[in-house]
Amino acid sequence: MENLFIRSLYDLSHTAAATYLEQYTYPWEALAGIGEFILKLGETLSTEEYEKRGEDIWVAKSATIFPTAYIHGPAIIGPNTEVRQCAFIRGNALVGANCVVGNSTELKNVILFDCVQVPHYNYVGDSILGYKSHMGAGSITSNVKSDKTLVTVCVGNTRIETGRKKFGAMLGDFVEVGCNSVLNPGTVIGRHTNVYPLSMVRGFVPENSIYKRADAVVQKVE
C-alpha cells in the first residue's frame, strides 16, 4: 500500500508540518494531533514574520485577511496567503504559504501545503491537501459517513481500517478537483491527478490519472 504513504503523496519541503508528518506512515494518522502541533509550532514562529491575532492564532504579516473572515484557533496562516470574504476557519488549521482560502470556504482540522487553493464555497474538514492542489468551486470533502461508522480506505477489494470517525480526503501534490465534486470519507487521491466536475469520489485514485467516474479512471498520456 505504498501509494498511500505520506512519502508517496507529498513533497514535505512544501509545508511547515514536515517534521510532524514524518512521524507517520499514512497521512490520516496525523489528523488526531494537528491542533496540538499547531500550538507548539506557533510558539516558535518568528515575531518578525508572524503576529499573534487572538488566542492561539498566528498570522504571517504578509498574509491578507479580509475583514469578514473568521478565524478560530489553533490556527496558523502562512506568508502571502489570502483568506477572503466570509471564510470560516474553525480551528486546528495549518495553512501554508501562498494559499487562497476563498469566499465562504470552511476549514476544520486540516493541513494545507503551500500554494493550495480552496477559493470558492469549499468545505475542507479532517483533510490534508498537498502542494499546489486545487479544489474547484463548490467541491467539498465529506468527513463523516452517513451511518457514523469508522472510516475505511478502499483500494480495489482491500479495505484499510483507519480507526477514525472523521476523515475527509487526502489530496496529493498537484491534484485538481473539478467544480461541485464530493470527496467521500476516506478518499485518497494520488499526485498529479485530475477529477472531473460533478464527480462523487470514494477510496483511492492513483497518481497521474483522470477520474471521470468510478468505472472510468484513466492514466494520463505524457
Should L45 and V83 be counted in the same cluster of Ile, Leu, Val, Met, Phe, Trp and Tyr side chains packed under 4.5 Å apart?
yes
Less than 4.0 angstrom from a charged side-chain N to a carboxylate O is my criterion; do D126 and K108 meet it?
yes
Walk me through it: do E22 and R7 pass the test salt bridge (Lys or Arg N to Asp or Glu O under 4.0 Å)?
CA-CA 8 Å; E22 285 172 349; R7 66 170 182 265; over 6 Å; no
Just wondering, more than 12 heavy atoms not from D147 lying within 6.0 Å of its CG?
yes
Only one of T193, N194, N208 forms a side-chain hydrogen bond (donor to acceptor under 3.5 Å, both in side chains) with K220, so which one is it?
N194
Distance (rounded to the nearest 0.5 Å) between C99 SG and E82 CD
11.0 Å
Quick one: closest heavy-atom pair of K212 and S199, and the distance?
O-OG, 4.0 Å
Kindly work out whether a path of hydrophobic side-chain contacts (I/L/V/M/F/W/Y, heavy atoms less than 4.5 Å apart) joins L129 to V100.
no
Should we say atom NE2 of H192 is surrounded by more than 12 heavy atoms from elsewhere, each under 6.0 Å from it?
yes
Is it true that a side-chain atom of S133 and a backbone atom of V175 form a donor plus acceptor pair closer than 3.5 Å?
no
Ion pair K61/E48, N-O distance below 4.0 Å
no
Partner of Y131 by ring pair (Phe, Tyr, Trp, His ring centres under 6.0 Å), out of F113, Y10, F174:
F174
Indicate yes or no for a side-chain donor-acceptor contact from T141 to the backbone of G125 under 3.5 Å, with no hydrogens or angles considered.
yes
Does the gap between the ring centers of W28 and F167 come in under 6.0 Å?
yes
Least distance between heavy atoms, I89 atom then A75 atom
CG2-CB, 4.5 Å
Salt bridge check: are R53 and E51 linked by an N-O gap of less than 4.0 Å?
yes
Taking F5 as the fixed residue, which of Y24, Y26, F204 is the one that meets the ring pair (Phe, Tyr, Trp, His ring centres under 6.0 Å) rule?
Y26
Using a side-chain heavy atom cutoff under 4.5 Å and only I, L, V, M, F, W and Y, what cluster partners does I210 have?
Y196, V218
Atom pair CZ/CG of R191 and L171 - distance to nearest 0.5 Å
13.0 Å
For G33, does its backbone N or O pair with a side-chain atom of E36 as donor and acceptor, under 3.5 Å?
no
